[in-house]
Amino acid sequence: FDQPFEFALYDGLGNPAGVTVRARAVVLNGAFNLLIGRAIEPRMALAREFEKALPPLAAGIGLLGLAAALAIGRTMLRRLEAINAAARAVEAGDLEMRAPGAARADEFGDLARHMNRMLDRIGVLLATTRLAGDHIAHELRTPMTRLRARLEQAAGLAEGPARERIADAVEDTRSLSAIYDALLDISRIESRSGDAGGLEPLDLRAVIGEVTELYAPFAEDRGVRLDPAPGAPLMVRGDRVLLQRLAANLIDNALKFSPEGGAVMIRLSQRAGRFSLSVADEGPGMPAGFIARAFDRFSRAPQAEGKDGFGLGLAIVKAIAARHRFEISARNAAAGLIIEVTGEVAG
């Protein structure tokens, strides 16, 4: 008594009824025996059904959790990739690009807002610097022109050593004017960096061919062989005058450092919707630590000492490349330097 127990039920013929009862017996008021029982088969059946259903249920819950995790991960990666795409566009020269999703009140929204504020600040600083440089160059151009005219007039009146010194001063003023003009050109080109307006489909191979023909006599005088690779037309979207200038600066730079008897190799290829233009010389190359700043303004490698130029040629090339959303790089080869420009072909 007073402890739970189980027993089986039998039918009227003494056969097991297939029912197990869990029961408890108690004595009431010391005189009455009370037996309370309940068949446990329904609960056991429910437990067995639950055991059968548990593995597929757990698998379903696991799959749902995995699907939810993948969906959340994809969403996060998509938003992160959008911010990375904006950063790559800025790196390529599109300073007007801003990270999307800045209006959202989450961590990615905070990241986008901070990035956009940083880009806004950089844009203001660059605009201020560019405006100051342009203003200085414009203000100096007029007095420099007057100074050169007066020096040329004085040279016509002077004689002997004085005439030679004034002639040297005239040449210096020409160099200064050329520097001002180059800086203004760089600023003007950079102001439209990444802007597709005014660009039209043109054959880049034909543009390079035109420039190569112009430099052929100069290369012959230097004893350097120009080696352009012929091929089919390669269409890009660009400004013809700027691309001619880009090719001219690259070829001029290569000829400048190629030794007599050397060669300047110009290669243009296309693959998977992108083109590659490379100009290789057989000169001394660049010091490894200098390549990273080779395209900065007024950067001149040690071996450029004594050669014509102001260290602005590759800076102009970089500005023109950014204007067209092209990428530019430099690397040393076994003999000489290779400068490569890559970008998308016109669809």
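Note that the coordinates shown come from a computational prediction; the quantities given were computed from them, not determined experimentally.
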Please answer: with hydrophobic residues joined when any side-chain heavy atoms are less than 4.5 Å apart, are V211 and V241 in the same cluster? no
I need the minimum non-hydrogen distance between Y215 and A248, along with the two atoms involved. OH-O, 3.5 Å
If you take all heavy atoms of N249 and G313, which pair is closest and at what distance? ND2-O, 3.1 Å
Would you say I72 and L111 are hydrophobically clustered, going by side-chain heavy atoms of ILVMFWY under 4.5 Å? yes
Same apolar cluster (I L V M F W Y, side chains within < 4.5 Å links), L157/I166: no
So T75 and F108, do their side chains get closer than 4.5 Å, heavy atoms only? no
Determine all donor-acceptor pairs shorter than 3.5 Å in which one atom belongs to a side chain in residues 259-267; sequence neighbours excluded.
| unit_1 | atom_1 | unit_2 | atom_2 | d |
| --- | --- | --- | --- | --- |
| R267 | NH1 | D227 | O | 2.9 |
| R267 | NH2 | D227 | OD2 | 2.9 |

Look at atom CE of M76 and say whether more than 12 heavy atoms of other residues, nucleotides or ligands are closer to it than 6.0 Å. no
Within residues 262-281 or reaching into it, pairs that qualify as ring pair (Phe, Tyr, Trp, His ring centres under 6.0 Å) - sequence neighbours excluded: F275-F326
State which residues pass side-chain contact (heavy atoms from CB on, under 4.5 Å) with A333; sequence neighbours excluded, sorted by chain then number. I338
What pairs with D172 under side-chain hydrogen bond (donor to acceptor under 3.5 Å, both in side chains), at least two apart in sequence or on another chain? none
side-chain contact (heavy atoms from CB on, under 4.5 Å) partners for I291, two or more places apart: M286, A330, N332
Between A182 and L312, which heavy-atom pair has the shortest distance, and what is it? CB-CD1, 3.6 Å
Are the side chains of R74 and L70 in contact, using a 4.5 Å heavy-atom criterion? no
Do any pairs count as a side chain to side chain donor-acceptor pair (under 3.5 Å) and have a residue in residues 143-162, sequence neighbours left out, and if so which ones? E152-R174
Is L119 reachable from M97 through a run of hydrophobic residues whose side-chain heavy atoms are each under 4.5 Å from the next? yes
Using side-chain hydrogen bond (donor to acceptor under 3.5 Å, both in side chains) as the criterion, list what pairs up with Q244, not counting sequence neighbours. E210
With sequence neighbours excluded, give me every side chain to side chain donor-acceptor pair (under 3.5 Å) pair touching residues 98-109. R79-D106, R98-D120
Do you reckon L314 sits in the same ILVMFWY cluster as L243, going by side-chain contacts under 4.5 Å, direct or chained? yes
Those residues that, when tested against L214, pass side-chain contact (heavy atoms from CB on, under 4.5 Å) (two or more places apart): none
Applying side-chain contact (heavy atoms from CB on, under 4.5 Å), name anything that partners A99, two or more places apart in sequence or on another chain. I83, A86, A112, M115, N116
So, for L255 and R222, which heavy atoms are closest and what is the spacing to 0.1 Å? O-NH1, 3.0 Å
By side-chain hydrogen bond (donor to acceptor under 3.5 Å, both in side chains), which residues pair with E340, not counting sequence neighbours? S276, R331
Please identify which of these residues, V317, L277, I320, T342, meets the side-chain contact (heavy atoms from CB on, under 4.5 Å) condition with I328. V317
My understanding is that only residues two or more places apart in sequence, or in another chain, count here; which of them pass side-chain hydrogen bond (donor to acceptor under 3.5 Å, both in side chains) with S175? none
